[in-house]
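Note sheet for the following structure.
The shown structure was predicted, so the numbers you read here are calculated from the model rather than taken from an experiment. Counting starts at 1 for both ligands and their atoms, in listed order.
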Amino acid sequence: MTAAVKVTVIYYSATGHVADIAHEMAETAEKAGAEVRLRRVRELAPQAVVESHPAWAAHAAASAEVPVAEAEDVLWADAVLMGSPTRFGNISAQLKQFIDTLGGAWRKGELADKVYSGFTSTGSPHGGNESTLLALMHSFHHFGGIVVAPGFTHPDKFVDGNPYGTAHHDAGGTAPVGEITRNAARVQAERVVRLAQAVVAVSDGSR
Ligand SMILES: Cc1cc2nc3c(=O)[nH]c(=O)nc-3n(C[C@H](O)[C@H](O)[C@H](O)COP(=O)(O)O)c2cc1C
């Protein structure tokens, strides 16, 4: 018998690509038997700036129903999948600000011993997807997290080719999230659920 696990998918997305990956991962984790929370982080950009960019404004309106992430969503989970678009090769300020709200929980050791894994989207194929995923992992290490990367653990990973996490590139906003990225997202979410089940199964109840 496998242990029931709780998975939170937390993301920032301005124009919807990272959100698409987040939805795919949440659905996959649920199908794999996990209890799932899907959360977006709070927007920090001024409303006028969001509204000046049609794709950004459209996505903001379309995702209004997704609950905003709180620290408790991380504390609740056995596994956390976090995603952000690349911003100059790094994670977005919006996701970083959310991570910074976790300082109190970090100090109490409440972020440790959970499974963490990351995903991203870039404008160009070599525009910083790996550096963004690795930047995200810096925080996971500080948490005392169990960092789960997809590696090349499934035939689909030899197609998308990114062992650090799911990474789409949107070709300057012209390429929607397609099957290659969705397959990578499914492989990663299934692996996260499987490994979180293993961690929960051997846990002594201290988490
Ligand atoms: C301020 C800013 C910085 C960006 N920096 C990069 C970058 O360094 N490399 C890159 O390939 N794309 C970059 N992009 C493009 C986005 O990362 C890319 O379009 C991403 O797919 C958007 O994801 P989203 O649709 O979930 O918001 C940048 C976009 C913005 C607005």
**Message:** Quick check on the hydrophobic clustering: are Val193 and Ile146 connected, directly or via other members, by side-chain heavy-atom contacts under 4.5 Å?
**Reply:** yes
**Request:** May I ask you to identify the nearest protein heavy atom to atom 5 (N) of ligand 1, giving residue, atom name and distance to one decimal place in Å?
**Result:** Phe88 N, 2.9 Å
**Prompt:** Would you say Gly127 has any N or O atom under 3.5 Å from an N or O of ligand 1, going by distance alone?
**Reply:** yes
**Message:** Under 4.0 Å, counting heavy atoms only: does Gly128 come that close to any atom of ligand 1?
**Reply:** no
**Message:** Tell me whether Gly89 reaches ligand 1 (any heavy atom closer than 4.0 angstrom to a ligand atom).
**Reply:** yes
**Request:** Determine, for Arg186 against Glu179, whether the closest basic-nitrogen to carboxylate-oxygen distance falls under 4.0 angstrom.
**Result:** yes
**Message:** For ligand 1 and Tyr12, I'd like to know whether there is a polar contact (N/O to N/O, distance under 3.5 Å).
**Reply:** no
**Item:** Per-atom contacts of ligand 1 with Ser121, taking only distances under 4.0 Å to non-hydrogen atoms
**Value:** 17 (O), 20 (C), 21 (O)
**Prompt:** Which protein heavy atom lies closest to atom 18 (C) of ligand 1, and at what distance to 0.1 Å?
**Reply:** Asp170 OD2, 3.3 Å
**Complete:** Closest to atom 10 (C) of ligand 1 (heavy atoms only, candidates Ser92, Gly123, Ala93, Pro176) is Gly123
**Request:** Report the relative orientation of the aromatic rings in Phe140 and Phe143; use parallel for angles under 30°, tilted for 30 to 60°, perpendicular for over 60°.
**Result:** tilted
**Request:** Side-chain contact test, heavy atoms from C-beta onward, threshold under 4.5 Å: evaluate it for Arg39 versus Thr8 and give yes or no.
**Result:** yes
**Asked** Are Phe119 and Met25 close enough that some pair of their side-chain heavy atoms sits under 4.5 Å apart?
**Response** yes
**Result of checking Arg40, Arg42, Glu43 against Gln94 for side chain to side chain contact (heavy atoms under 4.5 Å, CB included)** = Glu43
**Prompt:** Do Met137 and Tyr164 have side-chain heavy atoms sitting under 4.5 Å apart?
**Reply:** yes
**Asked** Considering only the protein, which heavy-atom contact is closest to atom 2 (C) of ligand 1, and what is its distance?
**Response** Arg87 CD, 3.5 Å
**Which atom of Phe98 lies closest to which atom of Ala71, heavy atoms considered** = CE1-N, 3.9 Å
**Request:** Among all protein heavy atoms, pick the one closest to atom 26 (O) of ligand 1 and tell me residue, atom and distance.
**Result:** Ser13 OG, 2.6 Å
**Prompt:** Would you say the side chain of Val41 lies within less than 4.5 Å of the side chain of Ile10, judging by non-hydrogen atoms?
**Reply:** yes
**Item:** Contact atoms of ligand 1, heavy-atom distance to Thr86 under 4.0 Å
**Value:** 4 (C), 5 (N), 6 (C), 7 (C), 8 (O), 9 (N), 13 (C), 14 (N), 16 (C), 17 (O), 28 (C)
**Asked** Thr15 heavy atoms, cut-off 4.0 Å: which ligand 1 atoms fall inside?
**Response** 22 (C), 24 (P), 25 (O), 27 (O)
**Item:** Sub-3.5 Å N/O-N/O distance, Pro85 and ligand 1
**Value:** no
